[in-house]
Amino acid sequence: MTFHSMWAELLPIGRSSASGGYRRYAWTGADADCRAWFREQAEARGLAHEVDRNGNQWAWLGDPAAGDAVVTGSHLDSVPDGGAFDGPLGVVSSFAALDELRSRGVQPDKPLAIVNFGDEEGARFGLACVGSRLTAGQLTVEQAHRLTDGDGISLPRAMEAAGYDPDAIGPDPERLARIGAFVELHVEQGRALDLSGDRVGIASAIWPHGRWRFDFRGEANHAGTTRLVDRRDPMLSYAETVLAARREAELAGAVATFGKISVEPNGVNAIPSLVRGWLDSRAADQDTLDTVVGGIEKAAREYADAHGVDLDVVRESFTPVVEFDHALRDELGRILGRDTGLTVPVLGTGAGHDAGILSGSIPTAMLFVRNPTGVSHSPAEFAAEDDCVAGVHALADVLEGLACR
């Protein structure tokens with residue numbers, strides 16, 4: 001099966017006819033269809049398919065118990081109305097790369113595996129990389145069981161409804177101990193490769209990043225009868241904080257985004273009593289990130305005080321800077337430059353990935369495929385097919401280089 005045919009099969013799953021984007025949320029019907037597709041791809045190639053205790057899917061070539069396995073893959077879920085490439089490109093490319101290795105007559109000396117990590121985007125339960133975090137012990141069972149979606153459905157209840165055992169989740173050090181290297185291919189979420197003219201790049205590091213919830217609490221009142229001077233309107237403080245976030249990020253060369261908001265009572269003719277906004281901020285280093293978020297919070301408190309509004313700030317998630325394994329990163333560069341003599345560009349990224357979560361437990365690396373627009377987490381996300389095929393060739397070269405002694 002070719003890259004093109006696999007891509008065409010996966011493309012309709014979870015796609016919204018209204019937006020053209022994807023709504024592949026964890027433990028939903030679309031997620032089940034993606035999982036069924038993964039299993040079919042594994043079985044069509046004679047790979048051993050298994051689902052681990054945390055709901056991650058694995059397709060094995062060779063004996064997992066032999067250890068020192070070379071693993072590739074990514075995820076199949078999406079952000080709300082996300083694009084087609086973020087995650088699925090890595091999974092489809094993994095199967096295509098394995099097909100290419102077989103067409104070359106390559107016989108790996110080490111076990112190979114392809115993985116689909118569950119709930120990477122965190123679109124349903126608000127926490128990214130749940131499957132890999134659980135596996136790596138970066139999310140406790142108790143924390144996972146407290147996760148709920150917008151309808152109040154808990155993660156355990158959702159897993160159970162999908163036919164999985166929520167009581168089995170937890171750290172999986174035995175599985176990680178079998179893996180010698182994990183390489184994740186991903187569409188670039190930016191334009192560095194487009195600007196340099198390269199089809200494929202290697203990741204150097206993932207910027208430190210986190211999510212903070214800002215709760216502005218004021219006083220609900222009538223929008224038509226309450227004098228402006230008598231209002232305790234949390235929307236004003238929130239709006240000013242959004243602008244402050246942009247200023248702080250620009251000054252520091254970082255990024256800061258309020259991309260989600262919840263308003264109570266959420267009436268057109270009512271002054272809000274609560275405005276809850278979620279901040280996503282990322283920077284090249286920890287000091288810069290601390291400066292940006294600290295500046296945003298300081299401004300938010302000043303605005304809240306000026307409008308008679310109370311403010312609570314809660315850090316909901318955080319991932320420190322991830323430096324990918326230098327030896328593995330250098331080996332990827334050597335493998336990809338071996339026949340061409342070219343230097344493959346090495347670039348950092350502000351986006352989080354399962355590879356970043358696993359980097360504290362096993363050697364990990366990433367390959368990026370050119371994105372000509374830089375757009376991601378949007379239906380407009382795109383990568384040209386010839387660039388995707390170049391990514392498949394690069395991944396096949398890497399797998400051959402790592403799995404053949």
Side-chain angles (χ1 to χ4, degrees), residues 35-76 90-91 93-102 104-120 129-139 141 144 159 163-185 324-325 327-328 331-332 335 353-366 395-405:
R35 289 171 174 273
W37 175 89
F38 183 94
R39 179 167 190 157
E40 289 166 6
Q41 297 303 319
E43 293 176 346
R45 291 166 173 79
L47 307 178
H49 174 266
E50 65 170 331
V51 180
D52 67 25
R53 62 191 301 180
N54 296 309
N56 306 309
Q57 288 180 283
W58 301 78
W60 286 95
L61 174 65
D63 180 10
D68 201 23
V70 176
V71 179
T72 187
S74 191
H75 63 94
L76 295 174
V91 178
S93 296
S94 296
F95 283 114
L98 177 59
D99 293 343
E100 181 167 330
L101 289 183
R102 285 175 160 172
R104 296 177 185 177
V106 172
Q107 297 291 330
D109 298 306
K110 302 177 183 179
L112 280 177
I114 298 169
V115 61
N116 167 34
F117 282 110
D119 199 7
E120 193 271 353
C129 301
V130 170
S132 55
R133 284 183 193 272
L134 282 168
T135 300
Q138 295 185 23
L139 177 67
V141 175
M159 288 185 68
Y164 295 84
D165 181 7
D167 293 327
I169 65 174
D172 202 347
E174 296 85 1
R175 179 175 299 275
L176 293 178
R178 302 173 187 168
I179 301 173
F182 174 61
V183 180
E184 180 174 4
L185 179 144
F324 288 112
D325 186 271
L328 181 58
E331 179 67 4
L332 262 61
I335 292 169
H353 301 281
D354 292 310
I357 298 298
L358 298 181
S359 66
S361 304
I362 57 176
T364 62
M366 290 192 71
L395 182 59
D397 289 344
V398 165
L399 295 179
E400 181 176 359
L402 296 178
C404 297
R405 296 186 177 89

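All values below were derived from every heavy atom in this structure, side-chain atoms included, with hydrogens, water molecules and symmetry-related copies excluded.
- The distance from the CD1 atom of I357 to the CZ atom of F117 is 10.0 Å, given to the nearest 0.5 Å.
- Under a 3.5 Å cut-off, the side chain of R35 and the backbone N or O of G55 do form a donor-acceptor pair.
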Q: Take L332 and F324 through the test side chain to side chain contact (heavy atoms under 4.5 Å, CB included) and record every step on the way to the result.
A: CA-CA 12 Å; L332 262 61; F324 288 112; over 6 Å; no
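- The line from OG of S132 to CD of Q138 is 7.5 Å long, rounded to the nearest 0.5 Å.
- With D172 contributing its side chain and A136 its backbone, the two residues share no donor-acceptor pair below 3.5 Å.
- Taking the side chain as every heavy atom from C-beta outward, P108 and V70 never approach each other to under 4.5 Å.
- For the pair L134 and A144, the tightest heavy-atom approach, listed with the atom from each and the gap, is CD2-CB, 4.0 Å.
- The two residues L101 and L399 come nearest to each other via the heavy atoms CD1-CB, 3.9 Å.
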Q: Carefully, step by step, assess M159 and I169 under the rule side chain to side chain contact (heavy atoms under 4.5 Å, CB included).
A: CA-CA 10 Å; M159 288 185 68; I169 65 174; 3.7 Å; yes
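- In terms of heavy atoms, A181 sits closest to L328 at CB-CD2, 4.1 Å.
- Distance alone, capped at 3.5 Å, is enough to place a donor-acceptor pair between the T72 side chain and the V183 backbone.
- In this structure the side chain of R102 reaches within 4.5 angstrom of the side chain of L61, judged on heavy atoms.
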Q) Going through the checks in order, is the side chain to side chain contact (heavy atoms under 4.5 Å, CB included) test met by R53 and R175? A) CA-CA 10 Å; R53 62 191 301 180; R175 179 175 299 275; over 6 Å; no
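- At distances below 3.5 Å, at least one donor-acceptor pair connects side-chain atoms of N56 with backbone N or O atoms of G118.
- Contact check for N116 versus H75: side-chain heavy atoms found under the 4.5 Å cut-off.
- With rounding to the nearest 0.5 Å, the separation of OG in S94 from CZ in F38 is 8.0 Å.
- How far OG1 of T364 is from CG of D354: 10.5 Å, rounded to the nearest 0.5 Å.
- Of all heavy-atom pairs between L47 and A59, the closest is CD1-CB, 3.8 Å.
- G131 approaches N54 most closely through the heavy-atom pair O-CB, 4.1 Å.
- The minimum heavy-atom distance linking W58 with A113 is given by the pair CE3-CB, 4.3 Å.
- Between the NZ atom in K110 and the CD1 atom in I179 there is a gap of 13.0 Å [rounded to 0.5 Å].
- With values rounded to the nearest 0.5 angstrom, H353 atom NE2 is found 4.0 Å from M366 atom CE.
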Q) Step by step, would you call I362 with R178 a side chain to side chain contact (heavy atoms under 4.5 Å, CB included)? A) CA-CA 10 Å; I362 57 176; R178 302 173 187 168; over 6 Å; no
